[in-house]
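Below is one structure, written out as structure tokens; comments come after it.
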Amino acid sequence: MSLYRDVTNKPWDNVGLPDGIESKPVFNVPNERVALTVLLIIASVLFSLFLVSYYIRMQVGDWVPLATPAQLWTNTAALVLSSVFLQAAVFRSRKEEVLSLFRGSGLLFVIGGLLAVAFIIGQYQVWVDLGAAGHSVRGNPANSFFYLLTAVHIAHLSGGLWVWSKAGIRLAQKFDADDIRLSMNLCAIYWHFLLLVWVGLFFLLANT
Amino acid sequence: MAYVPLADQDDAHALHDPHSFVTKYVWSQDHKVIAIQYGAIAIFVGLIALGLSIIMRLQIGFPDTVSFIDPAFYYQAVTMHGMIMVIYLLTALFLGGFGNYLIPLMCGTRDMVFPFLNMLSVWFYLVSVIILLASFFIPGGPTGAGWTLYAPQSISHGTPGHEGGILLMLISLAVFIVAFTMGGLNYVTTILQARTRGLTLMRLPLSIWGIFTATVLGLFAFPALLVSAIMLALDLVLGTSFFMPAMMQLGEQTSYDGGSPILFQHLFWFFGHPEVYIVALPAFGLVSDVIATHARKNIFGYRMMVWAIIAIGGLSFMVWAHHMYVSGMNPYFGFFFATTTLIIAIPTALKVYNWVLTLWQGNLRLNTPMLFAIGFIFTFVHGGLTGLFLGNVIIDIPLADTYFVVAHFHMVMGVSPVLVLFAALYHWYPKVSGRMYNETMGKVHFWCTFLGTYAIYLPMHYLGFLGMPRRYFEMGNTDFVPASAQALNANITLAAIFVAVAQILFFVNIFWSLRNGEKAPGNPWGATSLEWQTPDTPPKHGNWGEELPTVYRWAYDYSVPGHKEDFIPQNEPGEEYEKTLHKSGGYS
Amino acid sequence: MAIAVVLFLLVVGTVVFHFASPWWFTEIASHWTNIDFTINLTFWVTGIVFIAVNLFMAYSVYRYRQRKGSEHKAVYEPENAKLESGLTILTTIGVVAMLAPGLFVWAQFVSVPDDAMEFEAFASQWQWSFRYPGADGVLGTADIEHITERNPWGINPNDPNGQDDVVVKRPTMVLPLDQPVKALLRSRDVLHNYTVPQFRVKMDMVPGMVSYLWLTPTRTGSFEILCEQYCGLGHHIMRATVNVMEPGDFTTWLAQQPTFAETQQQAPADIAAGQQSYAVCASCHGASGEGNRALNAPKLAGLQPWYIDRQLRYYQEGVRGSDPDDTFGQMMAPMANMVASEDARRNVSAYIASLPVTTPAETLPPGDIARGMRIYQANCAACHGSDGRGSWGTDAPALARMDDWYMASQLNNYRAGIRGSHDGDDYGYQMLSMVKAMRTQQQQDDVLTYINSLR
């Protein structure tokens with residue numbers, strides 16, 4: 001039964017089990033996947049509002065654009081690779097009967113996560129370098145936004161790494177393979193989303 | 001990937017069964033216990049907010065009397081009262097309390113889909129409340145910035161609690177938002193994915209529709225508050241200038257430059273207006289079910305009610321700047337926002353008509369919950385209509401920032417939702433506690449609350465017409481305010497104290513009845529929705545015993561012609577249907 | 001049953017209250033009568049809905065309530081598309097009837113007539129000042145960065161348009177009758193709001209930008225200006241007055257006010273001349289302004305020159321010292337006339353400000369310093385500063401290292417309305433309210449004890 005038909009029918013007119021005897025979720029995917037999708041929409045709203053603020057604040061005359069640090073390119077590469085490895089782990093895991101931490105998909109998954117850690121360290125290095133070059137957080141609104149947006153992005157990535165580490169523990173403990181496959185899949189989706197956000201942020205920071 | 005809905009998994013696998021007292025009542029993952037925890041914390045902070053409102057009213061009504069109310073404390077009381085009531089009481093109690101209790105029961109599931117996350121949610125909520133209350137005990141006290149926390153005033157010298165208090169407030173809000181998000185993901189996913197067999201979306205009780213839509217609004221609106229809180233905190237702590245413009249403080253230039261105070265307001269109200277509906281929509285839903293049950297009549301125009309909830313939810317993101325007509329923003333925005341605001345009145349009015357039309361030709365059982373529900377319709381009509389004044393941009397200009405605004409929003413999102421809360425608390429009390437409450441005491445409580453609050457807020461509108469500004473420690477000498485206005489204020493204060501004291505009746509009733517109330521039958525009201533059909537009252541862990549319920553009909557089969565009872569529970573197949581089922585062997 | 005009757009009575013009572021209420025809009029003093037019209041229109045539409053819906057509900061409750069002895073079953077009617085769409089259309093018509101005139105009037109509010117005279121209202125925590133264009137009819141540019149004690153409006157000193165601007169650093173402004181005026185609104189610190197209830201229109205004042213409103217005054221008289229956007233602790237005591245006058249009187253008043261250039265060209269005070277004038281003061285207040293309690297003469301050294309200047313003027317004008325209950329103030333009034341000219345006042349103030357600041361003896365019984373600190377930092381510090389040194393920005397005198405007995409007597413004077421309640425006291429009225437931070441003698445002693453500790 002389609003969603004539209006569902007909300008337009010007259011519920012008092014039908015008695016019984018029009019959908020059959022199974023319970024009918026709205027989306028035919030695991031609950032975790034639904035929750036993650038909602039979470040991604042929330043995160044999108046959050047980043048969009050930051051960007052709106054960014055654009056409005058940019059209109060004021062005191063904005064001095066920040067020269068894009070070259071290291072951001074290296075960091076971006078690390079994040080891209082991280083996403084690629086996680087996705088590879090997802091593909092690989094579907095072909096494996098048993099999943100373990102340092103073999104096959106497990107290994108790809110671990111490397112993907114470590115690359116994200118590398119990205120965060122790289123971002124921190126950018127902060128240190130900018131600070132050393134005299135670009136303090138309060139110096140200019142462009143600086144403030146650079147630190148703020150990268151920090152919020154890192155915060156999201158750290159949340160992802162927490163889930164990643166839990167999946168890693170379950171890998172090590174050889175939990176149910178379906179369970180781990182789901183975790184890997186969710187991590188990969190989340191990583192792609194954060195990569196997309198980062199590319200968007202990078203584009204914005206580099207061009208304004 | 002094989003998908004097994006949680007609702008179909010058996011007990012031992014899906015739910016960790018609590019054994020000790022601690023896992024059963026403290027670190028519980030049972031939605032019913034979490035609901036009660038949410039409710040208890042919310043009502044506790046609500047009482048603090050009630051106390052603060054009495055402090056405020058004492059100052060307004062009797063401005064030269066109470067020795068411990070100084071101007072700073074007055075503004076702090078105003079601020080904390082508003083913030084606690086809107087966020088920590090109403091939002092938490094409707095969604096965290098009633099949402100948690102009713103969603104799994106009305107959807108026929110054993111629990112929320114992510115019980116652990118649900119438990120984290122309530123504990124984060126508790127932490128946010130502790131941080132909030134901690135601000136009363138730090139030097140400088142809690143913030144006195146007004147609940148809107150407008151920059152630059154909220155973090156500048158000259159506002160009480162401009163250092164520690166505001167920071168704790170912002171941190172507390174951030175923690176609350178995390179708590180709400182964890183709970184909200186649960187509510188949304190459970191309602192979308194875990195409904196029991198036969199429970200199509202349009203068979204859901206309106207409570208669920210209200211809670212669901214409000215949760216979605218909350219999930220998308222709270223990020224705006226989070227964004228503004230983060231940037232405001234950075235302006236305060238690190239000295240950035242997101243919102244802070246170049247300004248003077250005590251004759252000195254500050255280091256701020258170029259920030260936009262209006263941006264803060266846009267972000268705040270992009271959250272703040274949906275927040276009104278985050279409180280109102282669950283109230284709409286709950287009161288619909290209370291009315292239908294006690295009118296012994298299906299809710300009139302169910303489909304219209306569902307669509308109206310969704311329409312109001314959608315529109316609520318397009319009206320925020322009606323809070324900013326006098327903010328100095330581009331005045332041409334006024335045309336757009338006045339139009340959207342008055343459009344939102346149409347689905348809201350339809351909901352009111354449908355409630356009243358549900359009473360029409362019903363068989364009204366005028367017990368305590370029903371009285372509160374009728375009281376709600378009355379105050380909501382009043383508060384909704386005054387909203388048409390404020391939404392219409394040119395009329396808002398003389399009335400903005402006067403007591404008219406205070407009276408309006410207290411009527412529409414203070415008194416009205418609180419009346420629904422009481423209706424709902426009395427209505428579901430037998431299911432939650434397994435005891436009946438005391439009807440006489442409940443009715444006395446209703447009369448005191450309903451008449452008392454109307455005595456507070458009706459006259460308050462007229463102080464607004466007069467032009468009395470809100471958020472004034474005292475009026476002082478002003479030619480256009482006659483002495484009679486002060487007498488009126490004194491009377492309002494007396495009414496407020498009366499209402500506050502009358503709430504003792506509620507607490508006496510629920511605690512006394514817990515031990516001494518009559519034992520409640522499983523379905524004392526003859527209600528149709530699933531939560532009344534549980535095998536045990538109060539429902540045990542896992543809610544449904546051996547087998548999950550199956551739903552055959554919508555939630556409002558009251559007084560169906562030709563049926564001997566005046567209600568048919570949702571999980572009753574009906575004779576006709578049972579025959580066909582057994583013939584085809586489809587159901588076992 | 002009871003609820004049906006009560007609902008009916010509440011509807012009747014509300015209508016009666018509405019018509020009997022003495023609390024209603026103040027008599028209008030601007031041309032915005034069409035705002036009042038839209039409000040009345042909205043009242044009729046919403047009033048009819050209020051009465052109709054609630055009476056219908058009261059009747060339904062009365063008619064269909066469960067009664068002992070008479071069983072009835074509810075009617076089964078899931079929906080009624082015709083009725084619902086009818087109600088939707090009716091509601092829409094009502095909404096349009098209210099919205100359309102509202103937007104029409106709003107369009108008038110948004111478009112300012114070309115012949116409107118501009119003036120500027122400038123708000124700060126918690127004072128008002130005003131500015132009118134000079135002969136050139138143009139207001140000079142202004143910015144926060146130009147603000148100093150001598151240029152509190154922040155007028156750009158290099159902008160020729162600003163030199164002839166007429167400036168008013170007092171909470172009083174004047175508008176000409178029947179002349180469209182456009183208010184340009186600025187703020188020096190936080191959000192404020194320019195409201196005159198009799199004008200009906202109001203608008204926030206936002207730091208970093210200029211907002212506006214316009215009106216045509218239609219009635220002469222004196223009206224209060226209020227801040228209606230919460231702006232911190234002194235929100236409720238941020239008052240000013242607008243006088244609407246005949247155009248001729250307005251021109252006369254305007255000519256009496258200084259221009260910006262005049263305020264900036266004032267010669268520096270002559271401290272030597274001030275020292276000579278001070279000789280009279282020294283007999284009571286001491287040779288180095290240290291005060292003399294026996295003569296009830298407070299310490300002066302340490303007070304800001306603008307504060308001394310203002311108080312001398314108040315004594316001369318009878319703003320202070322004219323109340324029969326103000327014994328010591330009455331003694332001061334004739335003394336103040338010894339420095340009657342504006343220059344003499346300035347000189348003696350400058351001399352006093354140049355005197356070395358000593359620490360006076362504590363004369364009051366010590367109170368609870370922690371409690372005093374709480375009250376002081378929460379309430380007094382907003383204007384007088386956390387260190388008690390006062391500020392020209394809030395027009396607040398220094399308190400630290402001043403005589404505690406004198407502060408006690410002045411607080412008592414404010415409390416009794418002996419000081420601060422005269423119409424000419426531009427800032428003293430604020431203390432009438434703020435003394436309520438110390439409602440008991442104990443609280444006042446605590447605060448003064450704390451102030452004594454601010455060295």
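Order of the sequence lines fixes the chain letters, A, B, ..., with proteins taken first and strands second; residue numbering starts at 1 for each chain. Every heavy atom of this structure was used, including side-chain atoms; hydrogens, water molecules and symmetry mates were not. Predicted, not measured: the structure shown is a model, and the values here were computed from it.
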If one checks every heavy atom of B:Y325 against chain C at 4.5 Å, the contacting part turns out to be backbone
Does one side chain, of C:Y230 or B:T148, offer a donor that lies under 3.5 Å from an acceptor on the other?
no
Residue pair C:E228 / B:T402, side-chain donor-acceptor N/O under 3.5 Å
no
For C:Q443 against B:F68, the heavy-atom pair lying closest together:
NE2-CA, 4.3 Å
For the candidates C:I375, C:T195, C:V6, which exhibits the highest count of non-hydrogen atom pairs separated by less than 4.5 Å from chain B?
C:V6
Can you tell me if C:E79 uses its side chain to pair, donor with acceptor, with the backbone of B:F300 under 3.5 Å?
no
Please look at C:N193 and chain B and tell me whether the side chain, the backbone, both or neither of the residue comes under 4.5 angstrom of a heavy atom of that chain.
side chain
Please classify the contact of C:M1 with chain B as side chain, backbone, both or neither, using a heavy-atom distance under 4.5 Å.
backbone
Name the region of C:F50, side chain, backbone, both or neither, that has any atom closer than 4.5 Å to a heavy atom of chain B.
both
Measure C:R63 against the heavy atoms of chain B and call it side chain, backbone, both or neither at under 4.5 Å.
neither
Please work out whether the ring planes of C:W24 and B:F465 are parallel, tilted or perpendicular, with thresholds of 30° and 60°.
tilted
So which part of B:M475 gets closer than 4.5 Å to some heavy atom of chain C, the side chain, the backbone, both or neither?
both
Checking heavy atoms, do the side chain of C:Y212, its backbone, both or neither come under 4.5 Å from chain B?
side chain
Under 4.5 Å to a heavy atom of chain B? For C:V206 that would be side chain
Looking only at heavy atoms, what is the nearest atom pair of B:W447 and C:I3, with distance?
CH2-CA, 3.5 Å
Which atom of C:F109 lies closest to which atom of B:I394, heavy atoms considered
CB-CD1, 4.0 Å
With a 4.5 angstrom heavy-atom cut-off, which part of C:A2 approaches chain B: side chain, backbone, both or neither?
both
Pick one of side chain, backbone, both or neither for B:S156, based on which atoms fall under 4.5 Å of a heavy atom in chain C.
side chain
What residue in C:C227, C:G208, C:G47 has the most heavy-atom pairs under 4.5 Å with chain B?
C:C227
Most heavy-atom pairs under 4.5 angstrom with chain B, which of C:L10, C:N379, C:T394?
C:N379
Among the options B:I377, B:D566, B:L463, pick out the one with the most heavy-atom pairs lying under 4.5 Å from chain C.
B:I377
Heavy atoms only, distances under 4.5 angstrom: which of B:T65, B:D257, B:L458, B:T159 has the most pairs with chain C? Name it, please.
B:L458
Are any side-chain N or O atoms of C:R439 and backbone N or O atoms of B:I69, one a donor and one an acceptor, separated by less than 3.5 Å?
yes
Which atoms of C:F43 come close to chain B, meaning under 4.5 Å heavy atom to heavy atom: side chain ones, backbone ones, both, or neither?
both
In terms of heavy-atom proximity below 4.5 Å to chain B, should C:L83 be classed as side chain, backbone, both, or neither?
side chain
Taking the side chain from B:N392 and the backbone from C:G102, do they hold a donor-acceptor pair closer than 3.5 Å?
no
Atom group of C:Q108 that falls short of 4.5 Å from chain B, counting heavy atoms:
neither
Under a 4.5 Å heavy-atom cut-off, does chain C meet the side chain of B:I299, its backbone, both or neither?
backbone
Going by an N to O cut-off under 4.0 Å, is there a salt bridge joining B:D70 and C:K436?
no
Quick check: does any side chain N or O of C:H236 sit under 3.5 Å from a backbone N or O of B:R470, one acting as donor and the other as acceptor?
no
Does the side chain of C:R239 come under 3.5 Å of the side chain of B:T478 through a donor N or O and an acceptor N or O?
yes
Go through B:H382, B:H162, B:H461 and name the one with the most non-hydrogen pairs under 4.5 angstrom from chain C.
B:H382
Between B:P398 and C:F25, the two heavy atoms sitting closest are CB-CE2, 4.3 Å
To check you understand the geometry: which heavy-atom pair defines the closest contact between C:C383 and B:L250, and what is its length?
O-CD2, 3.2 Å
For chain B, which candidate among C:S21, C:S222, C:S211 shows the most heavy-atom pairs at distances under 4.5 Å?
C:S21
Where on C:T440 is there a heavy atom nearer than 4.5 Å to chain B: the side chain, the backbone, both, or neither?
side chain
With distance as the sole test, does C:W106 use its side chain to make a donor-acceptor pair with the main-chain N or O of B:P331 at under 3.5 Å?
yes
Go through the atoms of B:E474 and report whether side chain, backbone, both or neither lie under 4.5 Å from a heavy atom of chain C.
both
Heavy-atom closest pair, residues C:V53 and B:V352
CG1-CG1, 4.1 Å
May I ask you to check whether B:Y454 and C:T14 show a side-chain donor-acceptor distance below 3.5 Å?
yes
Any sub-3.5 Å donor-acceptor pair from C:E77's side-chain atoms to B:K297's backbone N or O?
no
Contact origin within C:W126 toward chain B - heavy atom pairs under 4.5 Å
side chain
So which of B:G467, B:P152, B:G375, B:P160 has the largest heavy-atom pair count under 4.5 angstrom toward chain C?
B:P152
Any idea which of B:P245, B:G328, B:G362, B:P469 has the most non-hydrogen atom pairs under 4.5 angstrom with chain C?
B:G362
Look at the side chain of C:K202 and the backbone N and O of B:V326, then say whether any donor-acceptor pair between them is shorter than 3.5 Å.
no
Using only heavy-atom distances, determine whether the side chains of C:H235 and B:Y75 contain a donor-acceptor pair under 3.5 Å.
no
Among C:Q125, C:M98, C:Q377, the residue with the most heavy-atom pairs under 4.5 Å to chain B is C:M98
Relative to chain B, which segment of C:A107 carries a heavy atom at a distance below 4.5 Å: side chain, backbone, both, or neither?
both
Using a 3.5 Å distance criterion without hydrogens, assess whether the side chain of B:H157 forms a donor-acceptor pair with backbone atoms of C:A381.
yes
Looking only at B:Y353, B:F389, B:Y302, the option with the highest number of non-hydrogen pairs under 4.5 Å against chain C is B:F389
Against chain C, label B:P459 side chain, backbone, both or neither, depending on which of its atoms sit under 4.5 Å from a heavy atom there.
both
Determine whether a donor-acceptor pair (N or O, by modelled atom type, separation under 3.5 Å) exists between the side chain of C:Q66 and the backbone of B:N363.
yes
